[in-house]
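Have a look at the structure below, then the notes.
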Amino acid sequence: MPPKRKAQDGNVNIQSRATKRNKTNDKQPESSQKAQKQHPKKTNEDKNQGNDVTPMYRHWLLKSEPNSRLENGVDMKFSFDDLKKSPSQTSCWDGVRNYQARNFLRDQMKMGHEAFFYHSNCKEPGIIGLCKVVKESYPDYTQFDPKDPHYDHTSTKDNPKWFMVDVKYVRPLQRFISLAELKKAHQDHVRNGGPLCNLALFTKARLSVQPLTQEEWDFILKMEQRDGK
DNA sequence: GCCAACGTTGGC
DNA sequence: GCCAACGTTGGC
């Protein structure tokens, strides 16, 4: 199902790699996905996996940093514009190292699912555009690269710990929806009831891959039409 | 740059 | 399995 097939794997896997994303999709051993079935040891990883009872989601919010920031000498910058400029306007979403976020990437993000592209750790945090899943769960290769800031020596190719998906640029929002505006709506909905009362942006603020209910998604998309603030 | 909130680690 | 120490996230 991989729709587009960029050049072969030839391209260098080096570039902006952020806490979550970076370059384009390259082909990965999709076959090794079966490895994810295995859970040889039950440690605190398992207790962190306990979100499998949550409903299945079809909408997402992905955080990325639009400004340069070095982590072990590697620039974490990956803006919405960087996604647009990526080959095929597509990038893998690598570098996620949180079990809850990993589980969403691995288990729930499916072809065609849409996501808000959120700019974090910047002057004006907020949602800037839309992207969509164009390739489902496969091992995040950065976990195997000792030079990568997100290298994980405890992970093996036979039993990879971290996964990623590919996302493709869809469109910018008609207007930027700032965190401040979302927070106002959220706080109002907490007090008076409303679809954003449990928005993960505020209830699970540190999650970099966040699920949205249909109602949350629809409400935020409608904010796009309103006149700012 | 500060720091609150929260996730992870490891001793016990 | 508890919990203190530590590390990270990310708004401000």
Side-chain angles (χ1 to χ4, degrees), chain A residues 16-22 39-54 60-83 93-108 115-129 131 140 142-156 159-164 167 173 176-190 196-212 216 220 223 228-229:
Chain A
S16 58
R17 154 167 313 96
T19 25
K20 331 80 229 334
R21 62 11 309 264
N22 83 341
H39 286 106
K41 55 180 178 184
K42 301 204 166 294
T43 50
N44 71 37
E45 165 169 351
D46 292 286
K47 79 174 180 203
N48 288 318
Q49 292 180 334
N51 69 321
D52 289 1
V53 255
T54 60
W60 308 94
L61 180 146
L62 300 174
K63 293 185 189 172
S64 194
E65 303 183 38
N67 300 147
S68 286
R69 183 178 64 81
L70 295 185
E71 197 172 307
N72 296 340
V74 179
D75 195 351
M76 295 298 116
K77 172 184 191 293
F78 193 77
S79 66
F80 190 55
D81 198 48
D82 291 325
L83 176 62
W93 208 260
D94 66 299
V96 173
R97 296 293 182 271
N98 165 284
Y99 289 114
Q100 212 183 347
R102 186 280 308 270
N103 293 347
F104 287 135
L105 287 170
R106 186 189 62 186
D107 307 331
Q108 294 206 40
F116 291 128
F117 196 106
Y118 177 90
H119 278 172
S120 70
N121 213 1
C122 57
K123 193 87 172 275
E124 241 213 319
I127 298 171
I128 185 159
C131 57
D140 177 344
T142 65
Q143 69 197 299
F144 306 122
D145 177 1
K147 293 194 294 291
D148 194 280
H150 303 294
Y151 174 63
D152 183 348
H153 75 280
T154 69
S155 183
T156 66
N159 189 16
K161 189 179 283 186
W162 306 109
F163 291 80
M164 60 187 183
V167 298
L173 287 194
F176 179 78
I177 301 183
S178 70
L179 174 65
E181 183 180 354
L182 288 164
K183 184 184 272 182
K184 265 183 206 160
H186 164 70
Q187 289 174 341
D188 176 56
H189 292 189
V190 167
L196 300 193
C197 65
N198 293 314
L199 195 68
L201 239 206
F202 306 104
T203 60
K204 292 173 189 151
R206 294 179 52 186
L207 248 199
S208 66
V209 175
Q210 305 187 346
L212 283 88
E216 291 166 339
I220 294 171
M223 292 172 72
K229 299 327 110 129

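Hydrogens, waters and symmetry mates are skipped; everything else that's a heavy atom, side chains included, is used. None of these values were measured; they are calculated from a predicted model. Residue numbers start from 1 in every chain, and the chains themselves are labelled A, B, ... in the order their sequence lines are given, proteins ahead of strands.
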### Query
Atom CG of A/Asn98 to atom P of C/dG10: distance rounded to whole Å?
9 Å
### Query
Is the distance from OP1 or OP2 of C/dG10 to the nearest side-chain N or O of A/Lys63 less than 4.0 Å?
yes
### Task
Would you please name every residue forming a side-chain hydrogen bond (donor to acceptor under 3.5 Å, both in side chains) with A/Ser155, sequence neighbours left out?
A/Gln143
#### Entry: Listed partners of A/Asn198 passing side-chain hydrogen bond (donor to acceptor under 3.5 Å, both in side chains), at least two apart
none
### Query
What is the distance from atom CZ of A/Arg106 to atom CG of A/Asp140, rounded to the nearest 0.5 Å?
13.5 Å
### Query
Please give, in whole Å, the distance from C/dG10 C1' to A/Leu182 CG?
15 Å
### Message
Check the orientation of A/Phe117 and A/Phe78. Use parallel for under 30°, tilted for 30 to 60°, and perpendicular for over 60°.
### Response
tilted
### Query
With sequence neighbours excluded, what pairs up with A/Thr156 under the side-chain hydrogen bond (donor to acceptor under 3.5 Å, both in side chains) test?
none
#### Entry: Atom pair distance, as rounded to whole Å: CG in A/Leu201 and P in C/dG11
8 Å
### Task
Report the residues that fulfil ring-ring contact (aromatic ring centres under 6.0 Å, His included) with A/Tyr151, sequence neighbours left out, ordered by chain and then residue number.
none
### Message
I want to check one thing: is the phosphate of B/dT9, taken as OP1 and OP2, less than 4.0 Å away from some side-chain N or O of A/Tyr99?
### Response
no
### Task
Specify the separation, in whole Å, of atom NZ of A/Lys183 and atom P of C/dG11.
9 Å
Nucleotides 1-3 of chain B: which of its N/O atoms have a protein N/O under 3.5 Å away?
none

### Query
To the nearest Å, how far apart are A/Asn67 CG and C/dG10 P?
14 Å
### Task
Calculate the interatomic distance between A/Lys184 atom NZ and C/dC12 atom P; express it in whole Å.
12 Å
### Task
Using the test salt bridge (Lys or Arg N to Asp or Glu O under 4.0 Å), find all partners of A/Asp81 that sit at least two apart in sequence or belong to another chain.
A/Lys85
### Query
To the nearest Å, how far apart are A/Gln210 CD and C/dT9 P?
14 Å
## Note on the structure
In whole angstroms, the gap separating C1' of C/dC12 from CD of A/Glu181 amounts to 18 Å
### Message
Run the ring-ring contact (aromatic ring centres under 6.0 Å, His included) test against A/Phe116 and tell me which residues pass, sequence neighbours left out.
### Response
A/Trp217
### Listed partners of A/Asp188 passing side-chain hydrogen bond (donor to acceptor under 3.5 Å, both in side chains), at least two apart
A/Asn192
### Task
Under 4.0 Å between any heavy atoms, over every strand shown, what does A/Phe202 touch: base, sugar-phosphate, or nothing? Just pick one.
nothing
Considering only nitrogen or oxygen atoms on both sides, find all protein atoms under 3.5 Å from nucleotides 4-8 of chain C and state each distance.
residue : atom : partner  : partner atom : Å
C/dG7   : N2   : A/Arg206 : NH2          : 3.4
C/dT8   : O2   : A/Arg206 : NH2          : 2.7

